[in-house]
Amino acid sequence: MRAAKQALRERIWDRLEREGLARFPRPVRGRIPNFAGAEAAALRLSRLPVFAQARIVKCNPDAPQRPVRLAALQAGKMVLMPAPRLRSGFLLLDPARIPSDRLREAASIAGAFRLGRPVDLAELPRPDLVVVGSVAVAPDGARVGKGEGYSELEYGVLAELGRVDTRTPVVTTVHDVQVVHRIPREPFDVPVDVIVTPTRVIQTSGAVPRPSGILWEYVTGAMLQAMPILAELRSRRDG
């Protein structure tokens with residue numbers, strides 16, 4: 001199954017590069033790929049009720065979702081952003097505390113560290129919307145990321161703490177070529193409810209179940225060492 005998922009990633013990365021759809025940072029191989037039309041996809045998402053009704057948006061830190069983070073901040077929403085690779089937990093961006101002329105800066109990774117504030121496990125808010133990055137997604141909601149499991153761990157942390165559940169909508173923005181017919185699924189994979197591309201909105205079938213938290217049997221000692229927030233959560237769970 002993992003070989004099939006990797007082959008799919010390679011196919012999507014190659015197609016984005018070959019067809020001139022890949023954007024900085026490049027090459028997109030090994031990344032949540034930034035794609036031509038990311039701003040249009042973010043605009044389309046910002047017009048959906050699921051976005052309009054959200055007060056707090058959890059959004060991944062990758063480049064193609066920077067326009068989503070900016071749209072949320074410009075709409076007066078707080079953004080909960082995991083630090084890259086979850087090395088330093090989560091940052092909370094509150095547009096009420098950020099000068100309006102620095103919102104674009106705040107939507108970047110470096111700007112989020114300057115203008116946001118770290119939040120510990122006890123402070124983590126309950127997001128009304130979860131936005132994830134994807135390499136590929138399917139109409140049943142199955143998705144595949146870059147293969148390192150960070151979206152699943154981020155979701156799992158929030159689920160373990162009761163901050164997200166099956167009622168929390170999960171959305172991704174991708175290019176149309178990233179929408180594929182079928183994706184193999186592993187137990188820890190987090191599916192999406194809505195797929196937004198530069199040209200369309202796809203409500204998924206919801207046929208793929210969500211994990212209720214972190215599947216600890218897949219968490220290694222190296223992961224606990226690299227991500228202190230995981231080690232803290234594990235300690236709480238075992239203690």
Side-chain angles (χ1 to χ4, degrees), residues 5 30-33 45 50 54 56-66 68-69 72 77-93 107-109 112-113 116-137 141-174 185-195 208-220 222-237:
K5 291 169 79 171
R31 306 177 189 274
I32 298 296
L45 169 58
V50 72
I56 300 174
V57 177
K58 181 268 175 190
C59 187
N60 58 299
D62 301 279
Q65 279 71 49
R66 181 177 179 178
V68 175
R69 299 191 296 273
K77 304 176 190 300
M78 287 187 281
V79 173
L80 182 66
M81 190 191 87
R85 298 177 180 268
L86 268 181
R87 286 197 183 102
S88 52
F90 289 81
L91 300 167
L92 186 64
L93 296 160
S108 69
I109 293 174
F113 276 94
R117 67 177 181 88
V119 287
D120 59 27
L121 288 178
E123 289 184 292
L124 280 173
R126 182 182 182 94
D128 307 296
L129 175 66
V130 171
V131 180
V132 297
S134 303
V135 175
V137 285
R143 66 172 284 282
V144 64
K146 59 188 176 185
E148 297 177 328
Y150 294 113
S151 285
E152 285 72 26
L153 290 170
E154 294 156 11
Y155 182 90
V157 168
L158 295 170
E160 289 270 338
L161 295 170
R163 304 299 198 269
V164 296
D165 55 36
T166 55
R167 296 168 296 177
T168 310
V170 180
V171 177
T172 192
T173 56
V174 293
R185 181 183 176 273
E186 295 178 87
F188 47 77
D189 289 335
V190 177
V192 301
D193 301 298
V194 184
I195 302 165
V208 180
R210 285 190 203 179
S212 59
I214 293 175
L215 302 188
W216 290 103
E217 61 269 32
Y218 293 95
V219 176
T220 65
M223 292 165 69
L224 293 173
Q225 186 174 5
M227 293 172 268
I229 192 171
L230 277 188
E232 181 182 351
L233 192 59
R234 179 67 175 266
S235 177
R236 286 187 177 200
R237 177 178 175 270

Which residues pass the side-chain hydrogen bond (donor to acceptor under 3.5 Å, both in side chains) test with [X], sequence neighbours left out?
| X | value |
| --- | --- |
| Ser151 | none |
| Arg143 | Ser134, Glu152 |
| Asp128 | none |

Hey, what do you get for [atom1] ([X]) to [atom2] ([Y]), rounding to the nearest 0.5 Å?
| X | Y | atom1 | atom2 | answer |
| --- | --- | --- | --- | --- |
| Leu158 | Leu121 | CG | CG | 9.5 Å |
| Ile229 | Leu153 | CD1 | CG | 10.0 Å |
| Lys5 | Asp189 | NZ | CG | 3.5 Å |
| Met227 | Arg234 | CE | CZ | 12.5 Å |
| Thr220 | Gln225 | OG1 | CD | 9.5 Å |
| Glu148 | Ile32 | CD | CD1 | 9.0 Å |

Looking only at heavy atoms, which two atoms of [X] and [Y] are closest? And how far apart?
| X | Y | result |
| --- | --- | --- |
| Ala54 | Leu129 | CB-CB, 4.0 Å |
| Thr173 | Leu45 | CG2-CD2, 4.0 Å |
| Pro64 | Pro33 | CG-O, 3.4 Å |
| Lys146 | Gly30 | CD-O, 3.6 Å |
| Asp165 | Arg210 | O-NH1, 2.8 Å |
| Pro187 | Pro211 | O-CB, 4.0 Å |

Are [X] and [Y] side-chain neighbours, meaning at least one heavy-atom pair lies under 4.5 Å?
| X | Y | result |
| --- | --- | --- |
| Pro127 | Val164 | yes |
| Pro125 | Leu80 | yes |
| Pro84 | Phe113 | yes |
| Val132 | Tyr155 | no |

Flag the pair Arg236 and Glu160 as a salt bridge only when some basic side-chain nitrogen lies within less than 4.0 angstrom of an acidic carboxylate oxygen.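 Not counted as a salt bridge, because no side-chain N and carboxylate O are separated by less than 4.0 Å.
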
Could you tell me whether Asp193 and Arg167 have a side-chain N and a carboxylate O separated by less than 4.0 Å? no

Where the side chain of [X] meets the backbone of [Y], is there a donor-acceptor pair that is under 3.5 Å apart?
| X | Y | result |
| --- | --- | --- |
| Thr172 | Ile195 | no |
| Arg66 | Ile109 | no |
| Arg163 | Leu161 | yes |
| Arg185 | Pro209 | yes |

Under the side chain to side chain contact (heavy atoms under 4.5 Å, CB included) criterion, do Val130 and Val190 qualify, and how do the steps go? CA-CA 11 Å; Val130 171; Val190 177; over 6 Å; no

Begin with the C-alpha distance, continue with both residues' side-chain angles, and end with the deciding distance and a verdict on side chain to side chain contact (heavy atoms under 4.5 Å, CB included) for Leu233 and Trp216. CA-CA 11 Å; Leu233 192 59; Trp216 290 103; 4.2 Å; yes

Evaluate side chain to side chain contact (heavy atoms under 4.5 Å, CB included) for Asp62 paired with Arg31, printing each intermediate quantity in order. CA-CA 8 Å; Asp62 301 279; Arg31 306 177 189 274; over 6 Å; no

Do Leu86 and Glu154 pass the side chain to side chain contact (heavy atoms under 4.5 Å, CB included) test, and can you show the C-alpha distance, the side-chain angles, and the key distance before you say yes or no? CA-CA 8 Å; Leu86 268 181; Glu154 294 156 11; 4.0 Å; yes

